[in-house]
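As a basis for the values below, the full set of heavy atoms in this structure was taken, side chains included, without hydrogen atoms, waters or symmetry mates.
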Amino acid sequence: MPETITIRPATRDDLPALHPVIERAYRGETARAGWTHEADLIIEGTRTDLTTLTAIVDDPAQRLLVAIGENGPIGCVQVISKGDGLAYLGLLCVNPGLQDAGLGKRLVTAAEDCARDTFGANAMEMTVIDRRRELIAFYERRGYAVSGEKRDFPIALDPPLLMDVLVKPL
C-alpha cells in the first residue's frame, strides 16, 4: 500500500465519501474484487446508510474510525462501548481494490487501541458470519477466539444466517 494513510475518528464531513466505500466492500459485484465481501451470501440491499453512520459519529459511546488515503476515505472500523470493560468491533471494511495490503490489520489495531484508551475496555468482541471461515481465521491470527456463542444475523433471511461471537482480551 504505497500511499500515506491516516486513521482517525470520522466526522460527519467524511460520511458522504465513506458510505460508498462501505457499500463496495460488502455488497454487489464490486465487492468481489476483495476477499471479505458478502456477495456470495443471500444478502440484498444496502449495508448501511448515511443516517446510521451519522448516528454512530454523534454517539459518545461509539467511534467510527476512518482510514484516509490520498484521495479520501478507503476504509473504516466501528468501536462501540458495551460497558463493564467490553467493547464491540464492527463495520470493518477496506476498499476492495486495496484489500490484502495490511490496512485491515491496521484498522483492527486502531480499534483495539480506541477501545482500551477511549472506553477503558479490557476485552473486545465481534460477530462474524459462521460460514466465513477465512474471515474468522483472519481474526484468530490477531488473537481473537471463537467463544462458542452464536447470534442471529441482524437481517432475517431464509435460510437464516448465524454469527459466531469472537472475543479478545485487550
Side-chain angles (χ1 to χ4, degrees), residues 1 7 10 15 18-53 55-56 59 62-67 73-82 85-115 121-170:
M1 190 163 290
I7 299 174
L15 301 180
L18 178 59
H19 181 245
V21 173
I22 295 168
E23 296 303 317
R24 281 193 303 272
Y26 281 98
R27 300 285 201 270
E29 289 303 310
T30 57
R32 293 182 190 281
W35 67 276
T36 63
H37 61 82
E38 298 171 348
D40 293 329
L41 301 170
I42 316 164
I43 304 170
E44 296 181 5
T46 59
R47 173 63 171 80
T48 192
D49 56 43
L50 286 174
T51 301
T52 301
L53 294 174
I56 294 168
D59 184 348
Q62 299 188 59
R63 293 294 182 277
L64 183 62
L65 303 179
V66 62
I74 57 174
C76 69
V77 65
Q78 176 187 20
V79 181
I80 304 170
S81 174
K82 306 278 278 184
L86 181 63
Y88 181 87
L89 184 151
L91 205 58
L92 175 65
C93 74
V94 174
N95 200 344
L98 301 174
Q99 289 181 14
D100 209 21
L103 181 55
K105 294 173 195 167
R106 288 183 57 193
L107 283 163
V108 169
T109 298
E112 293 168 351
D113 292 345
C114 175
N122 53 36
M124 180 83 87
E125 75 171 12
M126 71 177 70
T127 54
V128 179
I129 297 169
D130 62 359
R131 295 188 211 170
R132 302 295 315 280
R133 301 311 312 163
E134 74 285 358
L135 194 52
I136 291 169
F138 168 84
Y139 290 117
E140 288 175 327
R141 290 190 299 273
R142 273 125 226 101
Y144 288 83
V146 176
S147 70
E149 180 186 351
K150 298 267 189 188
R151 295 183 187 159
D152 291 329
F153 189 73
I155 301 169
L157 299 170
D158 187 22
L161 288 176
L162 292 175
M163 311 283 282
D164 278 332
V165 177
L166 283 69
V167 181
K168 177 182 179 178
L170 297 179

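Looking at residues two or more places apart in sequence or on another chain, you find a salt bridge (charged side-chain N to carboxylate O under 4.0 Å, His left out) between Asp130 and Lys150. Partners of Ser81 according to the side chain to side chain donor-acceptor pair (under 3.5 Å) rule, which considers only residues two or more places apart in sequence or in another chain, do not exist here. Qualifying side-chain contact (heavy atoms from CB on, under 4.5 Å) partners for Asn122, counting only residues two or more places apart in sequence or in other chains: none. In this view, Arg151 and Glu125, Glu149 satisfy the side chain to side chain donor-acceptor pair (under 3.5 Å) rule, not counting sequence neighbours. Looking at residues two or more places apart in sequence or on another chain, you find no side chain to side chain donor-acceptor pair (under 3.5 Å) involving Tyr139. Residues forming a side chain to side chain donor-acceptor pair (under 3.5 Å) with Glu112 (at least two apart in sequence, or on another chain): Tyr144, Lys168. For Asp152, the side-chain contact (heavy atoms from CB on, under 4.5 Å) partners at least two apart in sequence or on another chain are Leu162. Taking the side-chain contact (heavy atoms from CB on, under 4.5 Å) definition, one finds that Val146 meets it with Ile136, Glu140, Asp164, Leu166, sequence neighbours left out. Take Ala10 and apply the side-chain contact (heavy atoms from CB on, under 4.5 Å) test, not counting sequence neighbours, and it matches Asp14, Val57, Leu64, Val66.
With Ser147 contributing its side chain and Val167 its backbone, the two residues share no donor-acceptor pair below 3.5 Å.
Atom CG of Leu98 sits about 7.5 Å away from atom CG of Leu103, to the nearest 0.5 Å. One finds the CG atom of Leu18 at 7.5 Å from the CG atom of Leu91 (value rounded to the nearest 0.5 Å). Rounding to the nearest 0.5 angstrom, the gap separating the CZ atom in Arg131 from the CE atom in Met163 is 12.0 Å. Separating the CD atom in Gln78 from the CG atom in Leu92 is a distance of 11.0 Å, to the nearest 0.5 Å.
Of all heavy-atom pairs spanning Leu65 and Cys114, the tightest one is CD1-CB, 4.1 Å. When all heavy atoms of Ala25 and Cys93 are compared, the pair lying nearest together is CB-CB, 3.6 Å. Nearest heavy atom pair, residue Val21 against residue Pro73, reads CG2-O, 3.4 Å. Closest approach of Met124 to Ala115, counting heavy atoms only: CE-CB, 3.6 Å.
Using a 4.5 Å cut-off on side-chain heavy atoms (C-beta onward), Thr127 and Phe153 make no contact. At least one side-chain heavy atom of Ile7 sits less than 4.5 Å from a side-chain heavy atom of Leu107. Between Asp59 and Ile56, the closest side-chain pair of non-hydrogen atoms is not below 4.5 Å. Two residues are said to be in side-chain contact when any heavy atoms from C-beta on lie closer than 4.5 Å; Cys76 and Ile22 meet this criterion.
With respect to Leu15, the side-chain contact (heavy atoms from CB on, under 4.5 Å) criterion is satisfied by exactly one of Asp49, Thr52, Leu53: Leu53.
Cation-pi check for Arg142 over Phe138 is met; the charged atom lies under 6.0 angstrom from the ring centroid and within 45 degrees of its normal.
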